[in-house]
Amino acid sequence: MKLKCKNLEISDELMNVGKQRSVLVMALATHKLKLSSFSSLFAKLSFSTTSNNNPLYDSSVADNLVSVFTRQPSAAAAIELNRFAPILTPPLVESVLTRLPTWKLALSFFQWASEQHHHGYRHNCYTYNTIASIFSRSRQTAPLRTLVKHLAESAPCSFTPGALGFLIRCLGQVGLAREAHHVFDEMRVKGLCVPNDYCYNCLLEALSKSGEVDLVEARLEEMKGFGWEFDKFTLTPVVQAYCKARRFDQALRIYNEMREKGWVDARVCAMLALSFSKWGDVDKAFELVESMEGHGMRLNEKTFCVLIHGFVKEGRVDRALQLFEKMCRVGFTPPVSLFDVLIGGLCKSNDAQRALSLLSEMKKFGVAPDVGIFTKLISAFPDRSVIAKLLEEVPEEKEEKTLVLIYNAVLTCYVNDGLMDEACRLLQMMVQSKSSDVQMDDFFKDKKLVFPNAASFSIVIDGLLTNGQLDLALSLFNDIKQFVGRPSVLMYNNLINGLCDSNRLEESRELLREMKVLEIEPTHFTYNSIFGCLCKRKDVLGAIDMLKVMRACGHEPWIKNSTLLVKELCDHGRAVEACGFLDSMVKLGFLPDIVSYSAAMGGLIKIQEVDRALNLLRDLSSRGHCPDVVAFNIMMRGLCKVNRVAEAEKLLDEIVVKGLCPSVVSYNLLIDSWCKSGSVDRAMALLSRMSGEDREPNVFTYSTLVDGFCREERPDDALLVWNEMERKGCSPNRVAFMALIYGLCKCNRPTAALQYLREMEHREMKPDSFIYIALLSAFLSDMNLASAFEIFKEMVYSGFFPKSHDKSYPIVMDAIDKFSKDHRTSSGIQVLMEEGKLPTRCLQ
DNA sequence: TTTTTGGGAT
């Protein structure tokens, strides 16, 4: 009998089923897997039973269940599905699970089965393992994690040691080592499983795969305590864990132990060899591979390849070649990538001849060289003599194709060497090769030229673009259309990008129109090149128009572009327009980045619109953003600048309340504010709060405080801060030195200041001119004419002399007057004058 | 990709 119910409404019965969802279903649902809710799936399902109301369990039942869960929800037979429930058994569930095509469907079915406990169905360890291995194979860590968590906590189910091992391996395969570690203990504590040595071995493997070397060691100890014997499968993961942790000696110790017991196999050897190679010890790795041969072991193809790549990377082409020969000897055909890396390595170590000989090797294996290999070979012979040789050896059956490859390689070499003229000339010859009678180059005479393909043009055009030869690139581009056909999107993108970089917006738009005509779909790159150009031009309306286009075809504007527009506008005092632009973005459904909002806030502050900036900060959360510390810092700076320090302080508290961590900058801003307003002691209090919160002060903090103390005429405290800075290993920069020197001068300590100038010079930092002026005036007011003159000379010799409109001009002139009138310095001034170091017109 | 230190200008 076949039952089929169509379009059933969800019945009360079904609603009840819905309410009975098990804890597991709820737990799995927290992963927001967008599975159609099970009840609605029910309502749409159709299914058939084999013969009567009490169907037998046979493979056709499994088939039915599979087809019910696989089929697109169509005609409904929801209630009928319930008839399966009473006959559900773990083997049936297993069999259905393994037949379902996707992990999502398997999960649906598993959930449904979990709900059937009122019919007496319970999962056993094999159904759990089946779904676990499905998740593991499809790398679904989230549901897998939920599954084991549930397994240990709320759905006790006993496991055989073998089953626990299997489960742990599923976890290990997707890196859930911690979970494996945990479930192992849970099962044991709850009495659901008595782990044996196999379980331990599986656990060790999972742990070592995730690099949990400490846990590996702990479990090993535990095993010993329980009296389990170690075997090959115990120690292999231990070697692996030590290798991963770069604990070289320990890895070798275990390896030797294994060797004594005769447990070494190809896998362990390969693992160790790969690690040696990774650590740069190519010879040891090679030695190991050699010793394998003596014991009848051999590497697999993949390991050969990885080792050869690694050897070349370490600059050991010699060993790489030896390994390569071994690989060929055991009968593997090396892939092109291996030839590529070896030829590259040989070229790099100036063994071009040997590289060339590998090409014949390729021929023997029937592996066709690609353009990259040709390029490497040609570059390796600076006289280009190899080109003729390559051309001679072109196999007849693939002549056309191979010739283009070779010529494209030549073009690439020209481009790489910046020989754009040569590249263009060759391309032109290739184009003309059709029309015969072309004057051939030395390299190419005797050889047939070949007509270029799209790649040939692309190589040259890209080269021209990176060389800034935009117009030449454009004219070649037109040739493509004539000779090769439709250009690729990539070529359009590169040209449009080049045009936009040169601010040639109209032409780039023309190319975009052309793409439309040719029905070449532009990409986000295409649109963003043009959008970026409009942003750079501060063309707000144009940018918004472009956004509309992008909205229509579903491409996102790049953050850097919209941020650039906001920044550019703000830099020119147009913060209000910037805000308008951001609003337009929102209206178009693009959420601007927090960075662009921060830039806008900064712009508003710049034009004294502090309250507007504050409003924007407040609005951010309603626009779907959580202001970050930088946004708060910008706002704090704005408030400090207009002396609303108390509000800035409140923002600092708000940062903490919001669960963010104030940065050094946040503190620096307040410290600076207090230093500038004569409250250096409050600033110092904040410094101690910083150390309490483990926020290291930086050179900005210390410079600010040094400045603050000097402003309050407390040079000794300034020096204390300075020493504290050096003690903490924070080395002063130019600005810090200048702050101290200038501050000490203001406090009438020119001699101390001069010491720090010397220290600064010793560290190869040059002060700004105002430092000389400060020292000069300080020495003069200290009546120290000799030192004043020394500084004056240094100033003059370093090429600095104030202009007549300069504020420091009268100071310097007054100094010269004093120097001239004093017998100790007058001759020195004379010398400077004779040397022409002093502007003559200033000296009447 | 946004934020912090020196002086001083116009």
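In what follows, chains carry the letters A, B, and so on, assigned in the order in which the sequence lines appear, proteins first and then strands, with residues in each chain numbered from 1.
- Residues of residues 632-645 of chain A having a heavy atom closer than 4.0 Å to DNA chain B, listed by number: Asn633(A), Ile634(A), Arg637(A).
- Partners of Phe737(A) by ring-ring contact (aromatic ring centres under 6.0 Å, His included), not counting sequence neighbours, listed by chain and number: Trp722(A).
- Of the residues in residues 662-673 of chain A, those placing a heavy atom less than 4.0 Å from an atom of DNA chain B are Val665(A), Asn668(A), Leu669(A), Asp672(A), in numerical order.
- Legend: residues meeting ring-ring contact (aromatic ring centres under 6.0 Å, His included) with Tyr772(A), ordered by chain and number and at least two apart, are absent.
- Side-chain contact check for Thr412(A) versus Val415(A): every heavy-atom pair is 4.5 Å or farther apart.
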Could you list the donor-acceptor pairs under 3.5 angstrom formed by side chains in residues 462-473 of chain A, with sequence neighbours left out?
from	atom 1	to	atom 2	distance (Å)
Asp462(A)	OD1	Asn494(A)	ND2	3.0
Thr466(A)	OG1	Asp462(A)	O	3.1
Thr466(A)	OG1	Gly463(A)	O	2.9
Asn467(A)	ND2	Gly463(A)	O	3.3
Asp471(A)	OD1	Arg504(A)	NH1	3.4
Asp471(A)	OD1	Arg504(A)	NH2	2.8

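- Reading DNA chain B from its 5' end, the first and the last nucleotide to sit under 4.0 Å from a heavy atom of chain A are dT1(B) to dA9(B).
- Lys587(A) has no carboxylate O lying under 4.0 Å from a charged side-chain N of Asp583(A), or vice versa, which leaves the two without a salt bridge.
- Contacts classified as salt bridge (charged side-chain N to carboxylate O under 4.0 Å, His left out) and involving residues 680-689 of chain A (residues at least two apart or in different chains) are given here: Glu649(A)-Arg682(A), Asp681(A)-Arg714(A), Arg689(A)-Glu693(A).
- Contacts between residues 710-733 of chain A and DNA chain B, defined by a heavy-atom separation under 4.0 Å, are made by Arg711(A), Asn733(A).
- Applying the salt bridge (charged side-chain N to carboxylate O under 4.0 Å, His left out) test to every pair with at least one member in residues 697-708 of chain A, sequence neighbours left out, gives these pairs: Lys676(A)-Asp707(A), Asp707(A)-Arg711(A).
- A ring pair (Phe, Tyr, Trp, His ring centres under 6.0 Å) check over residues 529-582 of chain A, counting only residues at least two apart or in different chains, returns the pairs His524(A)-Trp558(A), Phe525(A)-Trp558(A), Tyr527(A)-His555(A).
- Electrostatic pairing of Glu506(A) and Arg537(A) does not count as a salt bridge here, judged by no charged N lying under 4.0 Å from a carboxylate O.
- A side-chain donor from one of Asn698(A) and Asn668(A) sits under 3.5 Å from a side-chain acceptor of the other.
- In summary, Glu790(A) and Arg758(A) do not engage in a salt bridge, as defined by a charged side-chain N under 4.0 Å from a carboxylate O.
- Under the ring pair (Phe, Tyr, Trp, His ring centres under 6.0 Å) criterion, the residue pairs touching residues 621-641 of chain A are Tyr597(A)-His625(A), with sequence neighbours excluded.
- Within residues 736-767 of chain A, the residues approaching DNA chain B are Met738(A), Ala739(A), Tyr742(A), by heavy-atom distance under 4.0 Å.
- Taking a cutoff of 4.0 Å between a charged side-chain nitrogen and a carboxylate oxygen, Glu759(A) and Arg763(A) qualify as a salt bridge.
- Electrostatic pairing of Lys538(A) and Asp571(A) does not count as a salt bridge here, judged by no charged N lying under 4.0 Å from a carboxylate O.
- Looking at Thr704(A) and Thr701(A), their side chains never bring a donor and an acceptor atom within 3.5 Å of each other.
- Among the protein residues, Thr704(A) comes within range of the sugar-phosphate backbone only, with heavy atoms under 4.0 Å from sugar or phosphate atoms but none that close to a base.
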